Amino acid sequence: MARVKRGVKRRIKREKVLGQAKGYWGAKSSNYRTAKEAVEKSLLYAYRDRRAKKRDFRRLWIIRVKAGAMANGLTYSRFIQGLRKMGSPLDRKVLAEMAVNAPEAFGRLVVQVKNALA
């Protein structure tokens with residue numbers, strides 16, 4: 001049986017890793033072993049931070065909605081409770097956008113929520 005040396009496959013695999021490590025500093029971009037470690041670590045960070053980004057944005061949206069609700073004399077929790085009672089389809093992302101870019105429309109929404117709570 002013929003001996004398998006993996007010449008082409010190994011080169012392709014290494015070129016892929018070195019391509020992903022392009023732009024890294026020092027040996028991390030040219031030395032296969034260190035590049036492989038750096039690429040694996042960066043992929044782990046990317047996976048983790050794709051999830052962390054969702055949490056961070058949700059926190060930001062909540063802070064913005066809370067500030068808008070407080071400016072109109074309502075707490076965040078009562079505002080969300082009133083929205084649920086109204087059956088509003090608006091999510092926190094849209095509410096945060098309204099609170100920042102259209103405060104008068106957000107104020108009208110707060111008035112509707114207050115009526116729904118009363």
Side-chain angles (χ1 to χ4, degrees):
M1 202 164 178
R3 189 171 71 142
V4 178
K5 292 168 64 178
R6 294 191 181 89
V8 175
K9 294 283 187 185
R10 180 173 290 162
R11 190 183 81 248
I12 290 170
K13 183 177 130 186
R14 288 182 177 182
E15 283 175 358
K16 180 182 174 188
V17 170
L18 288 171
Q20 289 176 311
K22 193 172 183 180
Y24 289 5
W25 189 82
K28 290 179 184 178
S29 65
S30 57
N31 185 320
Y32 174 70
R33 186 181 296 177
T34 54
K36 183 177 167 195
E37 291 171 0
V39 166
E40 284 178 1
K41 192 73 169 176
S42 69
L43 292 172
L44 285 173
Y45 285 141
Y47 178 83
R48 179 196 70 187
D49 292 337
R50 278 194 298 275
R51 278 129 195 92
K53 184 167 76 169
K54 293 168 180 58
R55 292 192 296 266
D56 291 343
F57 270 104
R58 184 178 169 89
R59 286 178 62 197
L60 176 67
W61 298 331
I62 288 172
I63 289 167
R64 287 179 174 175
V65 171
K66 178 183 175 182
M70 294 292 272
N72 288 290
L74 200 62
T75 64
Y76 172 77
S77 60
R78 294 286 290 165
F79 179 68
I80 295 296
Q81 180 187 10
L83 281 175
R84 288 214 180 108
K85 199 176 250 190
M86 283 174 43
S88 174
L90 299 174
D91 61 359
R92 285 164 181 81
K93 181 179 180 179
V94 173
L95 292 169
E97 196 67 30
M98 280 178 65
V100 171
N101 295 325
E104 51 291 321
F106 190 79
R108 288 194 299 272
L109 181 64
V110 171
V111 170
Q112 290 177 349
V113 168
K114 283 180 181 177
N115 292 337
L117 287 171

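Positions are given from 1, in the same order as the sequence printed here. All of these numbers come straight from a predicted model, not from anything done at the bench.
In summary, of the residues considered (L74, N115, L83), a side chain to side chain contact (heavy atoms under 4.5 Å, CB included) with V110 occurs for L74 alone. Each of K54, K53, R59 was checked for a side chain to side chain contact (heavy atoms under 4.5 Å, CB included) with F57, and the lone residue meeting it is K53.
If you take CG on L60 and NZ on K93, they are separated by 11.5 Å, rounding to the nearest 0.5 Å. Summarising the geometry, atom CD belonging to E40 is positioned 7.5 Å from atom CG belonging to L44; distances are rounded to the nearest 0.5 Å. A distance of 7.0 Å separates CG of N72 from CZ of F106, quoted to the nearest 0.5 Å. Interatomic distance, N101 CG to M98 CE, rounded to the nearest 0.5 Å: 10.5 Å.
Across every non-hydrogen atom of K13 and Y32, the tightest pair is CE-OH, 3.4 Å. When all heavy atoms of L117 and K85 are compared, the closest pair comes out as O-NZ, 4.5 Å. Residues S29 and G23 come closest through the heavy atom pair CB-N, 4.5 Å. Nearest heavy atom pair, residue R78 against residue V113, reads O-CG1, 4.2 Å. Scanning both residues, G82 and A116, for their nearest heavy atoms gives O-CB, 4.3 Å. Across L90 and L109, no two heavy atoms sit closer than the pair CD1-CD2, 3.9 Å.
In the hydrophobic clustering of ILVMFWY residues, with side-chain heavy atoms under 4.5 Å counting as a link, V17 and L43 come out together.
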Given R11 and E15, is the salt bridge (Lys or Arg N to Asp or Glu O under 4.0 Å) satisfied, shown in steps?
-> CA-CA 6 Å; R11 190 183 81 248; E15 283 175 358; 3.4 Å; yes
Output, in order, the C-alpha distance, side-chain angles, deciding distance and verdict of side-chain contact (heavy atoms from CB on, under 4.5 Å) for I12 and K16.
-> CA-CA 6 Å; I12 290 170; K16 180 182 174 188; 5.7 Å; no
Tell me, with the steps shown, if L95 and W61 meet side-chain contact (heavy atoms from CB on, under 4.5 Å).
-> CA-CA 8 Å; L95 292 169; W61 298 331; over 6 Å; no
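Using modelled atom types and a 3.5 Å distance limit, the side chains of Y24 and S42 yield a donor-acceptor pair. Checked by atom type, the side-chain pair R84/Q81 shows no donor-acceptor distance below 3.5 Å.
Atom CZ of R51 has more than 12 heavy atoms from other residues, nucleotides or ligands within 6.0 Å. Residue K36 qualifies as open at atom NZ: its count of foreign heavy atoms under 6.0 Å is 12 or below.
Put simply, the side chain of D91 gets close to the backbone of V94: a donor and an acceptor are under 3.5 Å apart.
Using a 4.0 Å cut-off between charged side-chain N and carboxylate O, E104 and R108 make no salt bridge.
Y47 does not carry R50 over the face of its six-membered ring by the limits of under 6.0 Å from the centre and within 45° of the normal.
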